[in-house]
Visitor: 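Sharing a structure with you now.
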Amino acid sequence: MSNIVDTIRTEKLRTDLPVFSIGDTIRCRMNITEGGKTRIQNYEGVVIARQGSANEASITVRKISNGVAVERVLPIESPNLAGIELVRRGRIRRSKLYYLRELTGKKARIREKQFGRK
Amino acid sequence: MNGMIGRKLGMTRLFDEDGRHVPVTVIEAGPCVVTQVKTAGGADKYDAVQLGFGPLKPKNAPRPQKGHFEKAGTGPLRIVGEFTLDEGDAYVRGDRVDVSLFTGVARVDVTGVTRGFGFQGRIKRWNQGRGPASHGSKNVRMSGSTGMHTKPGRSLKNTSMAGQLGNKQETKKNLSVVRVDQERNLLLVKGSVPGSKNGIVYIRVSR
């Protein structure tokens with residue numbers, strides 16, 4: 001890719017988001033526009049994948065909502081994503097957690113990352 | 001003037017103020033040099049300007065072209081193209097045209113040579129279906145019937161068949177101008193444009 005396109009892709013990246021990685025549980029603050037009014041809705045779930053880079057990056061966030069699994073793909077540079085809060089760090093061994101889709105209940109848990117341990 | 005010459009750099013995406021995702025193509029538009037002015041009153045019998053774009057090493061330029069570009073006060077250029085004039089335009093040979101030409105313009109047409117795919121079958125070229133793969137079938141990717149019977153007794157013209165795909169000039173019309181970046185000579189239009197990266201494109205203001 002040409003350098004100029006790369007510059008355009010990286011020149012207005014947001015810096016307000018916390019550092020998070022795959023397997024973390026995050027709370028996304030989404031701007032929802034309803035009837036001309038904008039409010040913030042929280043969406044909390046596990047980051048199971050991250051695609052793309054720079055202004056084209058997006059994350060897939062999975063949650064179980066009233067017994068129904070929901071996955072949302074969120075472009076992280078989108079202005080509709082007002083913010084992200086880190087809730088819990090997960091200890092995982094791969095970069096795409098698609099295996100969680102096959103698992104339910106206790107098996108679908110992710111162990112919390114313990115710092116200062118080997 | 002109704003347009004100029006540019007180079008397609010690639011695609012990315014932006015978000016508009018409502019948070020909607022906008023796919024954009026980045027085009028390096030100009031700067032172009034007016035290499036010749038044609039007038040209806042002169043030898044050419046019509047009004048137009050010839051623009052040049054993209055530097056060319058002097059050793060690679062044919063000698064007659066060198067002289068032509070010297071008259072415009074520029075080194076040899078790779079691409080030239082002709083553009084029509086608007087009412088009241090007064091260009092002189094040697095003038096520079098930059099991307100500010102598109103400031104305030106809502107929509108443009110972009111002409112380029114599409115990526116070449118060579119000789120391709122009807123499935124890729126015309127998006128036709130394929131035959132059954134099993135049960136003794138032998139027409140997996142073959143073309144089926146190309147016409148009727150005794151009447152008319154021939155295949156009609158423009159029947160979709162295998163052949164050259166791509167490497168053909170195409171114009172994409174009415175692309176929205178998303179941004180004009182005068183500092184870097186960039187024009188960002190919504191959607192895709194014909195051609196490969198670094199391909200030459202002709203950008204014209206939509207009628």
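In what follows, chains carry the letters A, B, and so on, assigned in the order in which the sequence lines appear, proteins first and then strands, with residues in each chain numbered from 1. Just the heavy atoms: all of them, side chains too, but no hydrogens, waters or symmetry mates, feed the values below. None of the values given here were measured: they were computed from a predicted structure.
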Visitor: Verify the neighbour count for atom NZ of Lys38(B): are there more than 12 heavy atoms of other residues, nucleotides or ligands below 6.0 Å?
Guide: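 Yes, the 6.0 Å shell around NZ holds more than 12 heavy atoms from other groups.
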Visitor: Which pair of non-hydrogen atoms, one from Pro75(A) and one from Arg13(B), has the smallest distance, and what is that distance?
Guide: CB-NH2, 3.5 Å
Visitor: Any idea which heavy atoms bring Pro79(A) and Asp16(B) closest together, and the distance?
Guide: CG-O, 4.2 Å
Visitor: Roughly how far, to the nearest 0.5 Å, is the CG atom of Leu14(B) from the CD atom of Glu56(A)?
Guide: 9.5 Å
Visitor: When rounded to the nearest 0.5 angstrom, what is the spacing between OG in Ser58(A) and NE2 in His21(B)?
Guide: 10.5 Å
Visitor: Taking everything shown except Arg88(A) itself, do over 12 heavy atoms lie less than 6.0 Å from its CZ?
Guide: yes
Visitor: Mark yes when over 12 heavy atoms from residues, nucleotides or ligands other than Arg204(B) sit less than 6.0 Å from its CZ; otherwise mark no.
Guide: yes
Visitor: Is any residue of residues 170-188 of chain B within less than 4.5 Å of chain A by heavy atoms, and which ones?
Guide: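 Residues Arg179(B), Arg184(B), Leu186(B), Leu188(B) are the ones that qualify, each having a heavy atom under 4.5 Å from chain A.
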Visitor: Identify the residues of residues 42-51 of chain B whose heavy atoms come closer than 4.5 Å to a heavy atom of chain A, ordered by number, or report 'none'.
Guide: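 No residue falls under the 4.5 Å cut-off.
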Visitor: Could you name each residue pair satisfying side chain to side chain donor-acceptor pair (under 3.5 Å) that touches residues 59-83 of chain A, not counting sequence neighbours?
Guide: Gln51(A)-Thr60(A), Arg62(A)-Glu71(A), Glu71(A)-Arg101(A)
Visitor: OG1/Thr12(B) to CD1/Ile4(A) distance, rounded to the nearest 0.5 angstrom?
Guide: 13.5 Å
Visitor: Can you name the residues of residues 11-30 of chain A that have some heavy atom under 4.5 Å away from a heavy atom in chain B?
Guide: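 Glu11(A), Lys12(A), listed by number.
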Visitor: Is it the case that more than 12 heavy atoms not belonging to Arg39(A) sit under 6.0 Å from its CZ atom?
Guide: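 Yes, because the 6.0 Å sphere around CZ of Arg39(A) holds more than 12 heavy atoms from other groups.
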